[in-house]
Novice: 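Right, I'll just put the structure down here and ask away after.
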Amino acid sequence: MLQIQNIRQFWLGVLFAVIGLIALWELPRPIGTLTAMGPGYFPMLLGIGLVLAGAASVAVGIRSRAHTTVEPLSLVPTFFIISGIVAMALLIDRAGLAVSLLFMVLGTCYDRVLKHPLEVALIYVAVLGMTWGVFIQLIKLPIKLFW
Amino acid sequence: MDFLQSLLMGFSVAMTPENLLFCLVGATVGTAVGVLPGIGPVTTIAMLIPLTFHMPAIGSLIMLAGIYYGANHAGSTTAIMLNMPGEPSSVVVCLDGYPLAKKGRAGAALAMSAVSSFVAGCVAFMIVAALSPQLSHIALAFGPTEYFATIVMALIMASILTDDSLLTTLGMCMIGLLIGSIGTDLTTGDERYAFGIPSLSDGANFVAVAVGLYAFTEIIEYSGTTAIRQKMSFSFRGLVPSRDDLARSWKPIMRGTALGSAFGIFPGTGPMLSSFVGYSMEKRLADDPSRFGKGAIEGVVGPEAAANAAAITHFIPMLTLGIPAGAAMAIMLGALQIQGIAPGPGVMTDHPALFWGLIASMWIGNLMLLVLNLPLIGLWVRLLGMPFHVLYPPIIAFSCIGVYSEQNSYFDILFAAGLGLLGILFRILGANPAPLILSVVLEPLLEQNFRRAMIIGNGDVSVFLKNPISLGILLFTAAVMIYFKVKKKTIIDDVVNLDDKAREPA
């Protein structure tokens with residue numbers, strides 16, 4: 001089994017090709033012709049281009065002698081921070097600013113919430129006060145503070 | 001004279017108390033952001049765009065521009081004091097700035113760097129004011145083939161800026177163009193990649209893309225890093241540069257300004273590249289290159305002038321052609337579009353107050369920075385002691401609500417979160433997202449002009465090579481690309497070798 005040296009280029013190529021294939025699979029219709037392009041023509045060029053760039057990238061990754069490493073994915077912060085944001089998105093219409101911000105702050109401060117609960121509470125109150133003042137009072141966005 | 005009259009009008013717009021305040025806010029926020037290594041100007045601009053929906057167009061643009069050049073200006077403060085570049089463009093300032101600080105000459109280095117930024121800013125400001133009207137006239141005569149070639153130039157030259165391979169940049173550009181193509185097709189009215197989601201049928205929310213790829217990604221990447229607490233002793237007596245400093249500096253400042261102004265105009269290049277080339281150039285021109293890396297004042301002022309000049313002339317392609325020259329400009333262009341102003345040569349003729357007001361505010365902003373940076377230096381250094389984790393919740397809160405507020409759509413926050421994940425993947429794989437964000441903004445312009453060019457050329461792709469202007473632009477792009485692919489190694493070697501040496505004893 002040969003060892004891929006340029007891992008970054010290899011996986012980037014895979015990523016490009018996957019995105020290109022999704023674009024081609026979901027291609028808007030009709031495609032049209034070069035002189036009368038439909039909505040799908042330009043995306044089709046991009047999809048084909050991405051698949052080609054991806055394939056070339058994979059080939060370069062396999063054949064290249066340049067050794068690259070992939071930086072380890074910090075799974076824990078990624079998971080908690082993104083979860084906090086997703087929770088905020090899903091709650092903001094239904095539960096209002098105060099509740100949705102609570103979940104976001106809990107997600108972002110995941111590593112401190114148990115060790116320094118008071119500090120996290122203070123951060124939450126400060127963020128709630130700031131966003132309430134700026135977005136609801138000052139620029140009057142139609143966001144409810146509570147449900 | 002027409003030019004002077006326009007400039008006077010610009011100053012009268014920029015000097016209103018309201019706009020002066022916006023300029024001050026922008027320059028101050030920019031300085032703070034430039035000092036803090038965790039958040040960059042692109043993130044800050046992306047985060048604050050939603051606040052500007054409710055501001056007058058000119059005020060919001062003045063503020064966002066202030067953030068941008070303020071951050072560029074301030075990044076070197078931490079570079080000199082702590083050997084920690086606040087912004088990518090101030091990496092080279094560390095090389096000679098920090099050794100100067102270790103010799104107890106931090107004050108002189110800071111003062112000279114502020115002065116060189118200011119001088120470069122003034123010259124670049126005059127260039128923007130003088131050149132933009134001319135370029136605007138030329139741009140009005142641009143047809144689809146010329147526009148298409150110029151956009152291709154912007155996208156390809158963006159690859160010079162990044163360390164990535166051409167293949168990676170191309171892929172990133174195409175992903176960006178695909179994201180830009182989401183929504184209703186402008187020509188046929190058909191929906192593309194909207195998947196029945198209402199907020200996607202109006203096109204991908206640009207603020208969501210910017211926030212996801214920059215703000216969320218940066219926060220995830222930096223979470224877990226702790227603040228740098230470092231005591232700096234600093235006295236104001238040290239701020240006065242010696243006669244020798246001035247004598248050594250004025251030529252590098254002039255050279256750096258010329259270089260940066262020229263580089264800034266071309267899409268894709270910009271402050272970082274200018275500062276690298278500026279450093280390399282000063283080292284090569286020096287009588288005694290061995291002084292570099294040990295505290296040569298030329299190695300501070302030259303790149304500093306180049307970076308700041310480029311940061312300001314960077315506005316030229318955006319204001320005259322509607323083609324942003326980098327990620328920060330792309331986001332500002334998005335802000336302009338949200339305000340209902342179609343970017344391009346029309347900005348100057350249809351919104352002269354906005355155009356000249358913004359330009360005049362840049363000069364005022366640079367003056368403010370001179371005042372802000374030097375006396376308040378102690379405050380900025382203290383800001384570094386601020387723990388990062390306290391900053392994240394408010395940044396995410398502002399970003400999320402900002403993204404939500406554009407269409408009152410919670411889906412846009414989810415979309416931004418998805419792009420945040422994609423951004424993390426790009427970071428892990430070492431791909432720079434700047435070409436992607438540039439492409440998202442340029443997609444409509446690129447596609448429309450490509451369609452028109454194909455209709456005019458009757459489906460013949462060689463139409464781009466038959467038109468002398470577009471052929472010239474494409475040839476120029478190819479020449480610059482080849483030059484830099486060959487030269488980049490020597491330029492980077494000049495900087496990196498020294499960088500390693502500088503880090504060893506620290």
Side-chain angles (χ1 to χ4, degrees), chain A residues 8-9 11-13 15-16 19-20 23 26 28-29 33-40 42-43 46-47 49-50 53-54 56-57 60 68 70-74 77-78 81-82 84-86 88-90 92-93 97 101 104-105 108-109 111-112 123-124 126-127 130-131 134-135 139 141-143, chain B residues 51 53-54 165 167-168 170-171 174-175 177-178 181 185 187-193 195 216 219-221 223-224 389-390 392-394 396-402 404-405 408 410-414 416-417 420-421 424-431 443 446-447 450-451 454-455 458-459 461:
Chain A
R8 285 185 181 186
Q9 198 72 51
W11 283 110
L12 260 179
L15 185 65
F16 289 163
I19 294 176
E26 291 285 338
R29 309 279 165 169
T33 61
L34 201 52
T35 44
M37 290 182 208
F42 199 63
L46 294 173
L50 265 174
S57 215
V60 169
T68 55
V70 172
E71 286 169 39
L73 172 63
S74 35
T78 309
I81 294 175
I82 293 288
I85 295 168
V86 169
M88 176 156 176
L90 297 177
I92 193 162
D93 279 338
L97 187 65
L101 271 184
M104 191 280 287
V105 171
T108 2
C109 299
D111 53 340
R112 306 185 71 83
I123 291 177
Y124 169 65
V127 171
M130 266 158 60
T131 46
V134 171
F135 290 104
I139 55 181
L141 284 185
I143 300 177
Chain B
L51 285 182
F53 299 160
H54 306 269
S165 67
L167 207 54
T168 305
L170 266 176
M174 286 190 280
I175 295 175
L177 291 173
L178 268 176
S181 76
D185 177 18
T187 314
T188 61
D190 292 295
E191 270 190 10
R192 305 197 283 197
Y193 301 119
F195 305 105
F216 292 171
I219 285 173
I220 291 172
E221 205 187 3
S223 69
H389 67 263
V390 175
Y392 295 151
I396 295 189
F398 269 73
S399 304
C400 285
I401 301 175
Y404 172 86
S405 72
N408 289 325
Y410 76 89
F411 174 81
D412 285 351
I413 306 181
L414 290 178
L421 283 176
I424 285 288
L425 266 180
F426 288 145
R427 294 276 161 125
I428 291 170
L429 296 172
E443 197 279 337
L446 183 73
E447 187 180 353
F450 180 61
R451 278 186 176 175
M454 283 302 101
I455 293 169
N458 227 340
V461 188

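A, B, ... follow the sequence lines: proteins, then strands. Residue 1 opens every chain.
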Novice: Apply side-chain contact (heavy atoms from CB on, under 4.5 Å) to residues B:Leu167 and A:Phe16 and explain how you reach the verdict.
Specialist: CA-CA 10 Å; B:Leu167 207 54; A:Phe16 289 163; over 6 Å; no
Novice: Side chain, backbone, both or neither: which part of A:Ile92 has an atom under 4.5 Å from a heavy atom of chain B?
Specialist: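 Side chain only.
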Novice: Heavy-atom distance under 4.5 Å between the side chains of B:Ile413 and A:Leu90, does that happen here?
Specialist: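 Contact flag for B:Ile413/A:Leu90 side chains = no.
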Novice: Between A:Gly47, A:Ala126, A:Ala56, which has the largest tally of heavy atom pairs under 4.5 Å with chain B?
Specialist: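 Among A:Gly47, A:Ala126, A:Ala56, the one with the most close pairs to chain B is A:Ala56.
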Novice: Where is the tightest heavy-atom contact between B:Ala417 and A:Ile82, given as atom of each residue plus distance?
Specialist: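 Nearest pair, atom of B:Ala417 first, then A:Ile82: O-CD1, 3.7 Å.
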Novice: Between B:Met174 and A:Ala53, what is the shortest heavy-atom contact and its length?
Specialist: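 Distance-wise, the nearest heavy atoms are CE-CB, 3.9 Å.
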Novice: Any idea which heavy atoms bring B:Arg192 and A:Pro39 closest together, and the distance?
Specialist: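 Nearest pair, atom of B:Arg192 first, then A:Pro39: NH1-O, 2.8 Å.
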Novice: Look at B:Thr188, B:Asn458, B:Ile401 and state which one has the largest set of heavy-atom pairs under 4.5 Å with chain A.
Specialist: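 The answer is B:Ile401.
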Novice: For the candidates A:Arg112, A:Met88, A:Met104, which exhibits the highest count of non-hydrogen atom pairs separated by less than 4.5 Å from chain B?
Specialist: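 Among A:Arg112, A:Met88, A:Met104, the one with the most close pairs to chain B is A:Arg112.
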Novice: Please state whether the side chain, the backbone, both or neither of B:Thr187 comes within less than 4.5 Å of a heavy atom of chain A.
Specialist: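 Answer is neither: B:Thr187 stays 4.5 Å or more from chain A.
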Novice: Less than 4.5 Å apart, any side-chain heavy atom of B:Asn408 and any of A:Pro142?
Specialist: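 They are in contact (side-chain heavy atoms under 4.5 Å apart), so the answer is yes.
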Novice: Can you tell which part of A:Leu12 gets under 4.5 Å to a heavy atom of chain B, answering side chain, backbone, both or neither?
Specialist: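 Both the backbone and the side chain of A:Leu12 come within 4.5 Å of chain B.
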Novice: What option among A:Ile19, A:Asp93, A:Val105, A:Ile123 has the most heavy-atom pairs under 4.5 Å with chain B?
Specialist: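 Result: the option with the highest number of such pairs is A:Asp93.
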Novice: At a 4.5 Å cut-off on heavy atoms, which part of A:Met37 comes close to chain B: side chain, backbone, both, or neither?
Specialist: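 Contact with chain B involves both backbone and side-chain atoms of A:Met37.
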Novice: For a 4.5 angstrom cut-off between non-hydrogen side-chain atoms, does A:Ile81 reach B:Tyr392?
Specialist: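 No, side chains not in contact.
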Novice: What part of A:Ile85 gets closer than 4.5 Å to chain B, counting heavy atoms only: side chain, backbone, both or neither?
Specialist: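 Both the backbone and the side chain of A:Ile85 come within 4.5 Å of chain B.
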Novice: Does any heavy atom of chain B fall under 4.5 Å from the side chain of A:Thr35, the backbone, both, or neither of them?
Specialist: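 Looking at A:Thr35, backbone and side chain both touch chain B.
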Novice: If we define contacts as heavy-atom pairs under 4.5 Å, which of B:Ile175, B:Asp185, B:Leu429, B:Val461 has the most with chain A?
Specialist: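 The answer is B:Leu429.
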Novice: Does some side-chain heavy atom of A:Val134 sit less than 4.5 Å from a side-chain heavy atom of B:Phe398?
Specialist: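 They are in contact (side-chain heavy atoms under 4.5 Å apart), so the answer is yes.
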Novice: Among B:Leu170, B:Asp412, B:Leu421, which residue has the highest count of heavy-atom pairs closer than 4.5 Å to chain A?
Specialist: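 Ranked by contacts with chain A, first place is B:Leu421.
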Novice: State the CZ-OG1 distance between B:Phe216 and A:Thr78, to the nearest 0.5 angstrom.
Specialist: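 The distance works out to 13.0 Å.
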Novice: Report yes or no: does B:Tyr193 contribute a side-chain atom to a donor-acceptor pair with the main-chain N or O of A:Ala23 at less than 3.5 Å?
Specialist: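 Checked: pair present.
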Novice: If you measure from OG on B:Ser405 to CD1 on A:Ile143, what distance do you get to the nearest 0.5 Å?
Specialist: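 Those atoms lie 7.0 Å apart.
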Novice: Any side-chain heavy-atom pair from B:Arg451 and A:Phe42 closer than 4.5 angstrom?
Specialist: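 They are not in contact (no side-chain heavy atoms under 4.5 Å apart), so the answer is no.
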Novice: Using a cut-off of under 4.5 Å on heavy-atom pairs, state which of A:Pro43, A:Ala36, A:Pro77, A:Cys109 scores highest against chain B.
Specialist: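 It is A:Pro43.
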Novice: Does any heavy atom of chain A fall under 4.5 Å from the side chain of B:Phe426, the backbone, both, or neither of them?
Specialist: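 The side chain, not the backbone.
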Novice: Where does A:Leu50 contact chain B at under 4.5 Å (heavy atoms): side chain, backbone, both or neither?
Specialist: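 A:Leu50 touches chain B through backbone and side-chain heavy atoms alike.
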Novice: With a 4.5 Å cut-off on side-chain heavy atoms, are A:Val127 and B:Ile396 touching?
Specialist: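 No. Closest side-chain heavy atoms not under 4.5 Å.
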Novice: Looking at B:Pro394 and A:Met130, what are the two nearest heavy atoms and their distance?
Specialist: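 In terms of heavy atoms, the two residues are closest at CB-CE, 3.7 Å.
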Novice: Do you know which two heavy atoms are closest between A:Thr131 and B:Ala397, and how far apart they sit?
Specialist: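 Between these two residues, the closest heavy atoms are CG2-CB, 3.9 Å.
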